[in-house]
Amino acid sequence: MFLSVFDMFKVGIGPSSSHTMGPMVAAARFLDLMRASPFEFAGLRGSLHGSLAFTGVGHATDRATILGLAGFVPDTYDNDKAEAALATIAETHTVTPEGLPTLSFDPKADLIFDYDNNLPGHANAMILMATDAQGDVILRQVYYSIGGGFVLTEEELAEGKATDEGDPVPFPFKSAAEMLQMAKTSDKSIAQMKRENEIARGCAESFAKGSARLWQVMNDCIERGLKTDGILPGGLSVRRRAKGIHDALLAERGMNLNAPHTINDWMSVYAMAVNEENAAGGQVVTAPTNGAAGVLPSVLRYYLDHVPGASESHVEDFLLTAAAIGGLVKFNASISGAEAGCQAEVGSASAMAAAGMCAVMGGTPEQVENAAEIALEHHLGMTCDPVAGLVQVPCIERNGLGAIKAVSAASLALRGDGKHFMPLDSAIETMRQTGEDMHAKYKETSLGGLAVNVPNC
């Protein structure tokens, strides 16, 4: 099993990797399918199903799909161009993607939120269709947004394309037990094994440049969030808080009366800064998802800014170790809130960040595995119940608490020798089983939990 760092960490836009980035990617793939087809197309239609329908408005799924059908993709997204394109589409009821004729598409009539018909492959489902001049459907494809910006067609999901099919890698571990055994046999760290796997599929120079860009985008996102205030979009009137908290923390620096637990506020504010940017539709990095995008950057920023002896030369090892753990979770369970609740998003992110933190603090592979297990174990059962389908309440604060848990888990693991009772593989399997048992109203549908227990005024 191999999942690249650049699959786990993808530069994209908010507010959701599965509900915003995924549909945009699916639309881009459908355009490619049309370009490769011999048919003459005249129009487009689409329908959103399951969680994409129930929380699609709050997650801007309709907007992302429209822009995707117009030719936009997450990693080169330009907001000003997007706004101009949306205005033109609303006026002309057409899209003009590159390499295709002008296509009729009225977003209000041709993109349907289907709340009644769930599709069998995944909770995040969509159908895209192309029509001829008479309006008959001549091309149709089902897509599933399976979390973290990953998209599979109906056929790919049935064929098991969610698993790795690339060239062999030196350390093909598909469980934490295999990972630890390979580390022991090779006398390498988890980061060293993961790096060799990455280089086997690419080259050292491109990996170094790519990983440096990932951290740059993460850190830039933190900085924007720490400097921006105001009200988040969506109608809940949620106020940005990261800037105010950060300003207060800066003002308190150097005072002798600060309580030791203030360090938790620093971890929280870094995470909240990212998730406020995500909620506003800004540029973020999936880590492993948008909804959990603040946890890992927060822990890495905490390490660099607050831990004595920290060095940016360790950023690569942090990302590599975190991606190794994230790959195990995705391969053996899920990173999708619509599939397994928030335990699969913030829980996975916390486990990844704990592993990365433990590694750069000098932890052994056994201690790293222990750190990830501690963090994941104490998110088990966490529901995904965003109020109004927006990635704001409870998501923003939840990322801050996920970061605090990650650092605590790493610290506890470093106090031991790596031997512990509950294996990470067991925690991952428990998360998978819990996700299967969890009622659908607690899995990113906004039909239960905090989403329905909110004040009326």
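Bear in mind that the values here come from a model prediction, so they are computed numbers and not experimental data.
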- Verify side chain to side chain donor-acceptor pair (under 3.5 Å) between Asp75 and Tyr77, making sure each step is shown before the conclusion. CA-CA 6 Å; Asp75 57 345; Tyr77 177 82; over 6 Å; no
With a 4.0 Å cut-off, would you call [X] and [Y] a salt bridge?
X: Arg195; Y: Glu316; value: yes
X: Lys243; Y: Asp247; value: yes
X: Arg241; Y: Glu397; value: yes

- Task: Answer yes or no: are there more than 12 heavy-atom neighbours, outside Tyr303 itself, under 6.0 Å from its atom OH?
- Result: yes
- Under 6.0 Å from the CE atom of Met438, do we count more than 12 heavy atoms belonging to anything else shown? yes
- Message: Does the Lys NZ or Arg CZ of Lys441 fall within the cation-pi geometry relative to Phe54 - under 6.0 Å from the ring centre and within 45° of the axis?
- Response: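 Judged by the rule (NZ or CZ under 6.0 Å from the ring centre, within 45° of its axis), Lys441 is not positioned above Phe54.
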For residues 424-434, run the donor-acceptor check on the side chains, cut-off 3.5 Å, and write out each pair with its distance to 0.1 Å, sequence neighbours left out.
{"from": "Asp425", "atom 1": "OD1", "to": "Ala176", "atom 2": "N", "distance (Å)": "2.7"}
{"from": "Asp425", "atom 1": "OD2", "to": "Ala176", "atom 2": "N", "distance (Å)": "3.3"}
{"from": "Asp425", "atom 1": "OD2", "to": "Ala177", "atom 2": "N", "distance (Å)": "3.0"}
{"from": "Glu429", "atom 1": "OE1", "to": "Arg432", "atom 2": "NE", "distance (Å)": "2.9"}
{"from": "Glu429", "atom 1": "OE2", "to": "Arg432", "atom 2": "NE", "distance (Å)": "3.3"}
{"from": "Glu429", "atom 1": "OE2", "to": "Arg432", "atom 2": "NH2", "distance (Å)": "2.6"}
{"from": "Glu429", "atom 1": "OE2", "to": "Gln433", "atom 2": "NE2", "distance (Å)": "2.8"}
{"from": "Thr430", "atom 1": "OG1", "to": "Ser426", "atom 2": "O", "distance (Å)": "2.7"}
{"from": "Arg432", "atom 1": "NH1", "to": "Glu436", "atom 2": "OE2", "distance (Å)": "2.8"}
{"from": "Thr434", "atom 1": "OG1", "to": "Thr430", "atom 2": "O", "distance (Å)": "2.7"}

- Item | Side-chain donor-acceptor pair present, Glu277, Gln283, cut-off under 3.5 Å |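 Looking only at side-chain atoms, Gln283 and Glu277 do not form any donor-acceptor pair under 3.5 Å.
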- Message: Any heavy-atom pair between the side chains of His19 and Glu444 that's under 4.5 Å?
- Response: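 Glu444 vs His19: side chains touch.
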- Would you please indicate if the ring centroids of Phe150 and Tyr144 are separated by under 6.0 Å?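 Centroid separation for Phe150 and Tyr144: 6.0 Å or greater.
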- Step through it carefully: locate the ring centre of Tyr302, locate the ring centre of Tyr270, and say whether they are under 6.0 Å apart. no
- Query: What pairs with Phe113 under ring pair (Phe, Tyr, Trp, His ring centres under 6.0 Å), at least two apart in sequence or on another chain?
  - Reply: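 Partners of Phe113 by the ring pair (Phe, Tyr, Trp, His ring centres under 6.0 Å) criterion come out as none, since no residue qualifies.
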